[in-house]
Novice: 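My questions all concern the structure below.
From a predicted model like this one, the values you see are computed outputs, not experimental measurements. In this chain, numbering begins with 1 at the start of the sequence shown.
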Amino acid sequence: MRVLLISENRCRENLVPFPLGIACVASASRNAGHEVSALDLMFSSDPVKETVERVREFRPHCIGLSIRNIDNQDMFNSEFYLPPLRELVRALRAETDAPIVLGGAGFSIFPLQCLEYLDLEVGVVGEGERTFLELLRRLENNANFDSLPGLAIRREGRSWVNPPAHYAWPGSFPPPDRELFDVRRYNSLPGGTPAYTANLQARRGCHMRCIYCTNPVIEGKAVRARPPSEVAEELAGLEADHGIRYVIFTDSLFNYPQGYTLDLCREIASRELSLRWWCTFNPLFCEPSVLEALREAGCVGLSIGNESGSEEILSALRKDFTRRHVVRSVSLAKELGLRTNCFLLLGGPGENERTLRESLDLMLELAPDQVTVTVGIRVYPGCELETLALKRRAIEPGQNLLYPTFYLEPEVSSWIYPFMREFCAGHPGWVL
């Protein structure tokens with residue numbers, strides 16, 4: 001089949017990441033014998049026009065459309081990203097009868113809502129490699145796919161999500177296709193504007209219990225790791241084959257399991273690469289040996305997901321680590337010369353003036369290179385925060401959470417945002 005794969009993400013508000021997920025699907029599709037064309041709309045000045053032109057040129061039998069972001073997750077300057085996408089889908093519908101299959105992280109959080117909003121029939125929830133290939137096979141043979149695991153379907157007044165598919169990764173498919181989706185366009189160094197970032201994934205899945213996080217919904221709770229030598233070879237290929245100088249690992253928990261992290265870092269260090277990389281670090285799994293291994297393997301910095309400096313709020317968010325773990329991880333990283341970016345997620349359940357001050361004081365004491373601040377927590381379906389928000393009447397039963405919806409503790413709601421805006425403006429390295 002001729003398959004057109006489209007990455008629709010055009011958000012440039014933070015990092016601008018290479019479209020890793022759909023590039024994995026592209027690689028799997030090509031290996032299965034399909035003719036694949038790729039379209040990355042991040043660099044398009046006229047997405048609708050460019051997409052229609054590609055459809056006319058390529059004449060696809062099926063179109064895969066990846067939705068990464070639903071909104072910008074900013075309670076006070078909210079931007080909803082789906083209206084332009086609906087315009088794109090309408091243009092596709094007017095141009096071709098080829099089925100449009102949705103997928104991606106944003107779609108996986110809101111599968112039925114996205115299908116309804118975009119007036120489409122089918123999408124892949126979660127990992128796309130195995131499910132999308134089986135869907136292509138059934139489409140090619142005019143076979144029924146209503147019960148195919150991993151699909152969300154909307155048809156004739158009904159909509160449903162099938163049970164999850166078996167994990168397709170790691171080991172089942174090759175690394176992402178970085179030619180069809182050209183990774184060289186994402187080759188930049190920290191400090192560049194916008195911050196284009198090549199990326200890589202060694203693990204999928206997250207077993208943590210954070211009440212607001214969608215990663216377990218998108219990737220599953222089982223942590224699955226690729227062979228360390230395979231990951232190191234892919235990293236080496238980014239440098240040798242594509243000239244990439246800086247990479248971000250997208251793993252939710254780069255330092256878990258710790259034994260795997262040590263093995264992976266040894267494999268990377270043995271390649272003696274000149275590129276440098278960054279990763280996400282959980283304070284709960286912090287040992288000097290792991291940080292030293294990261295540094296020796298070319299890691300230059302850590303995004304430390306602490307979210308608070310208050311024991312009370314850390315517990316309420318189900319972070320499973322304490323203030324002591326945060327102090328230890330930031331301090332050890334700085335001692336080894338690694339840059340640190342800490343996060344504050346403010347206004348959640350139980351937040352008050354005292355807990356806020358505890359968080360601010362801790363960050364001022366530890367002095368990471370950057371503190372990224374968010375006020376108000378985006379409410380997503382299937383997360384514990386949704387249940388809590390319903391209980392506290394912050395949202396209504398049946399409310400469509402596709403439209404940006406946030407939780408902000410009533411005790412701080414009237415003053416916390418202007419206070420933090422002024423605070424961040426007066427502290428270099430603090431970003432709101």
Novice: List the steps, then state whether side-chain hydrogen bond (donor to acceptor under 3.5 Å, both in side chains) holds for Ser44 with Glu50.
Specialist: CA-CA 7 Å; Ser44 176; Glu50 185 173 343; 2.9 Å; yes
Novice: Can you tell whether the side chains of Glu129 and Arg204 come within less than 4.0 Å, N to carboxylate O?
Specialist: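 Counted as a salt bridge, because a side-chain N and a carboxylate O are separated by less than 4.0 Å.
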Novice: Using only heavy-atom distances, determine whether the side chains of Asn341 and Thr372 contain a donor-acceptor pair under 3.5 Å.
Specialist: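 Distance-only check passes for Asn341 and Thr372.
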Novice: Have Ser359 and Ser308 got a donor and an acceptor in their side chains that come within less than 3.5 Å?
Specialist: yes
Novice: Sort and list the pairs that fulfil ring-ring contact (aromatic ring centres under 6.0 Å, His included) and have at least one residue in residues 244-280, not counting sequence neighbours.
Specialist: His207-Tyr256, Phe249-Phe254, Phe249-Trp277, Phe254-Trp277, Tyr256-Phe285
Novice: Checking side-chain polar atoms at under 3.5 Å, does Thr355 have a donor or acceptor matched by the opposite partner on Glu312?
Specialist: no
Novice: Taking atom types as modelled, find out whether Asn77 and Asn72 have a side-chain donor-acceptor pair closer than 3.5 angstrom.
Specialist: no
Novice: Does Arg154 pair with Asp119 as a salt bridge, N-O distance under 4.0 Å?
Specialist: yes
Novice: Under a plain distance cut-off of 3.5 Å, with no hydrogens placed, do Tyr380 and Gln73 share a side-chain donor-acceptor pair?
Specialist: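 Result is yes, a qualifying pair exists.
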Novice: For the CD1 atom of Ile6 and the OG atom of Ser66, what is their distance to the nearest 0.5 Å?
Specialist: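 If I round to the nearest 0.5 Å, the distance is 10.5 Å.
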Novice: Minimum heavy-atom separation for Gly243 and Asn187, please, with both atom names.
Specialist: O-ND2, 2.8 Å
Novice: Enumerate, atom names and distances included, each donor-acceptor pair closer than 3.5 Å involving a side-chain atom of residues 398-408, sequence neighbours excluded.
Specialist:
{"residue": "Gln399", "atom": "OE1", "partner": "Glu396", "partner atom": "N", "Å": "2.9"}
{"residue": "Asn400", "atom": "OD1", "partner": "Leu402", "partner atom": "N", "Å": "3.1"}
{"residue": "Thr405", "atom": "OG1", "partner": "Tyr403", "partner atom": "O", "Å": "2.7"}
{"residue": "Tyr407", "atom": "OH", "partner": "Arg392", "partner atom": "NH1", "Å": "3.0"}
{"residue": "Tyr407", "atom": "OH", "partner": "Glu409", "partner atom": "OE1", "Å": "2.7"}

Novice: Check the side chains of Glu116 and Ser159 for a donor-acceptor pair under 3.5 angstrom, ignoring hydrogens and angles.
Specialist: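 Absent: no donor and acceptor within the cut-off.
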Novice: For the residue pair Phe43 and Tyr186, does the interplanar ring angle fall in the parallel (under 30°), tilted (30 to 60°) or perpendicular (over 60°) class?
Specialist: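 The arrangement is perpendicular - the two ring planes meet at more than 60°.
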Novice: Determine, step by step, whether Arg266 and Asp263 satisfy the salt bridge (charged side-chain N to carboxylate O under 4.0 Å, His left out) criterion, reporting the C-alpha distance in whole Å, the side-chain angles of both residues, the deciding distance to 0.1 Å, and the verdict.
Specialist: CA-CA 5 Å; Arg266 280 191 287 267; Asp263 290 342; 2.5 Å; yes
Novice: Using a strict threshold of under 4.0 Å (side-chain N to carboxylate O), is an ion pair present between Arg130 and Glu134?
Specialist: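 A salt bridge is absent here (no side-chain N lies under 4.0 Å from a carboxylate O).
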Novice: Considering only distance and modelled atom types, tabulate donor-acceptor pairs under 3.5 Å from the side chains of residues 17-32, sequence neighbours left out.
Specialist:
{"residue": "Ser27", "atom": "OG", "partner": "Pro175", "partner atom": "O", "Å": "2.8"}
{"residue": "Ser29", "atom": "OG", "partner": "Val25", "partner atom": "O", "Å": "2.8"}
{"residue": "Arg30", "atom": "NH1", "partner": "Asp177", "partner atom": "OD2", "Å": "2.6"}

Novice: Within the 3.5 Å criterion, strictly below it, is a donor on Thr250 or Asn199 matched to an acceptor on the partner's side chain?
Specialist: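 No, Asn199 and Thr250 have no side-chain donor paired with an acceptor closer than 3.5 Å.
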Novice: Looking only at the side chains, is there a donor atom on one of Arg54 and Ser37 sitting less than 3.5 Å from an acceptor on the other?
Specialist: yes
Novice: Cut-off 3.5 Å, side chains only: do Tyr212 and Arg378 have a donor facing an acceptor?
Specialist: no
